[in-house]
Amino acid sequence: MRRCIMALFVTLWIAGCSDPDWQTKDISGLMPSLAFELIDENGNTVSADQFLGKTTLLFFGFTHCPDVCPTTLARLDAATQRMDEAARDDIQVLFVSVDPRRDNAETLDSYTAAFGPQFIGLTGDKAALDKLTRRYRVTYGYGEEDSEGSYDVSHSSAVFAFNAQGEVRLLIRDSDPMDAVVADLERLASGA
């Protein structure tokens, strides 16, 4: 009996020492690794391989977005600002515009610069965007143009988080508490 109690105690103690579960949505193995060929905010063709080596956050949106995009990007900036400098330097945010008609390289560069140097704007033609959004099961669509030529773009508010090897790890939602986002990003940046 004493051996059973001791074995139970050791098992519980070891379990308590293991890494805690992710606090945001763990999607490890449920989505494919990071892969794309797009145009960056400098007008250069880039591939996902060029972004390996750092923790990568992938978010789809557009620069004329009145609420979801600026709120999400500001939230990611706030989360990274709460991290220590080494962890913060390991984070890059890829903002993929699904509105290439209005979001050229110059517009993307100006937009992402407002959030910080770790934010990088990307876009592509419809075929490239469709290929990437299908890869991550994300949808987007265009609303009707008004008399001034403005239109809305529907898109997801979720952020995909990849490790330094480009493997998907997390889905960060706007409902996730900031402390959870910061803890998970620090853990991901540390190599988890």
Side-chain angles (χ1 to χ4, degrees), residues 14-40 46-62 65 67-69 71-80 82-83 87-100 112 115 118-141 153-192:
I14 291 171
C17 293
S18 65
D19 284 339
D21 291 335
W22 295 107
Q23 296 179 44
T24 59
K25 180 72 176 164
D26 182 359
I27 59 170
S28 300
L30 299 177
M31 301 292 263
S33 61
L34 193 62
F36 59 79
E37 188 170 295
L38 296 170
I39 306 299
D40 73 7
V46 294
S47 69
D49 292 345
Q50 292 170 257
F51 297 97
L52 297 180
K54 286 189 171 190
T55 300
T56 301
L57 307 180
L58 180 68
F59 176 66
F60 298 91
F62 66 115
C65 182
D67 45 24
V68 174
C69 296
T71 300
T72 300
L73 296 178
R75 192 164 185 260
L76 292 175
D77 180 45
T80 59
R82 289 180 49 184
M83 299 167 68
R88 185 177 337 138
D89 288 345
D90 186 61
I91 303 284
Q92 58 192 347
V93 180
L94 304 182
F95 173 67
V96 178
S97 172
V98 292
D99 186 16
T112 58
F115 298 100
Q118 74 271 31
F119 290 80
I120 301 161
L122 302 170
T123 195
D125 61 21
K126 183 160 177 29
L129 292 172
D130 286 349
K131 182 178 180 181
L132 181 60
T133 54
R134 274 194 308 271
R135 183 173 180 84
Y136 298 108
R137 302 178 196 134
V138 172
T139 61
Y140 69 97
V153 180
S154 62
H155 61 90
S156 170
S157 64
V159 177
F160 296 92
F162 298 82
N163 66 14
Q165 294 76 41
E167 300 163 332
V168 70
R169 287 290 180 251
L170 305 169
L171 185 69
I172 301 170
R173 299 151 299 187
D174 52 6
S175 60
D176 289 323
M178 180 62 79
D179 288 343
V181 174
V182 172
D184 279 359
L185 290 181
E186 285 178 335
R187 183 174 173 208
L188 196 55
S190 73

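A quick note: this is a predicted structure, and the numbers were derived from the prediction, not measured.
To the nearest 0.5 Å, atoms NZ (K54) and CD (Q165) are separated by 14.5 Å. Taking CG of L129 as the start and CG of L38 as the end, the distance is 6.5 Å to the nearest 0.5 Å. Note that CG of L170 is 7.0 Å distant from CD1 of I27, once rounded to the nearest 0.5 Å. Between the OG1 atom in T72 and the CG atom in L57 there is a gap of 11.5 Å [rounded to 0.5 Å]. How far CD of Q92 is from CG of L94: 5.5 Å, rounded to the nearest 0.5 Å. Taken from CD in Q50 to CG in L34, the straight-line distance is 11.5 Å, to the nearest 0.5 Å.
Ring planes of F62 and H155: perpendicular class, angle over 60° (limits at 30 and 60°). A tilted orientation is assigned to the rings of F36 and F51, their planes being inclined by 30° to 60°.
D26 is linked by a salt bridge (charged side-chain N to carboxylate O under 4.0 Å, His left out) to nothing, counting only residues two or more places apart in sequence or in another chain.
For the pair L171/F160, a side-chain contact is recorded, criterion being any heavy-atom separation below 4.5 Å from C-beta on. Within the 4.5 Å cutoff, side-chain heavy atoms of Q118 are placed close to those of D77. With contacts defined as side-chain heavy-atom distances shorter than 4.5 Å, the pair I172/L185 qualifies. By the 4.5 Å heavy-atom criterion applied to side chains, F60 and Y140 are not counted as neighbours. At a threshold of 4.5 Å between non-hydrogen side-chain atoms, the residues T112 and I120 do not count as touching. A 4.5 Å side-chain heavy-atom check between V181 and T24 finds at least one atom pair inside the cut-off. Counting heavy atoms from C-beta outward, P32 and Y136 have side chains that approach closer than 4.5 Å. Contact of the V98 side chain with the V138 side chain is not registered, since no non-hydrogen atoms from C-beta on lie closer than 4.5 Å.
With salt bridges taken as basic N to acidic carboxylate O contacts below 4.0 Å, one links R82 and D179.
Nearest heavy atoms, T123 versus S97: OG1-O, 2.9 Å. Among all heavy-atom pairs drawn from A35 and A48, the shortest one is CA-CB, 3.6 Å. Looking at every heavy atom in both residues, C69 comes nearest to G61 through SG-CA, 3.5 Å. Residues M83 and V182 approach most closely at CG-CG1, 4.2 Å, considering heavy atoms. The two residues Q23 and A180 come nearest to each other via the heavy atoms OE1-CA, 3.3 Å. Residues F162 and L188 share a closest heavy-atom pair of O-CD2, 3.9 Å.
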- Decide yes or no on side chain to side chain contact (heavy atoms under 4.5 Å, CB included) for V68 and F59, but give the supporting numbers first. CA-CA 11 Å; V68 174; F59 176 66; 4.3 Å; yes

- Message: Walk me through whether F115 and L76 qualify under side chain to side chain contact (heavy atoms under 4.5 Å, CB included).
- Response: CA-CA 9 Å; F115 298 100; L76 292 175; over 6 Å; no

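Using modelled atom types and a 3.5 Å distance limit, the side chains of S33 and E167 yield no donor-acceptor pair.
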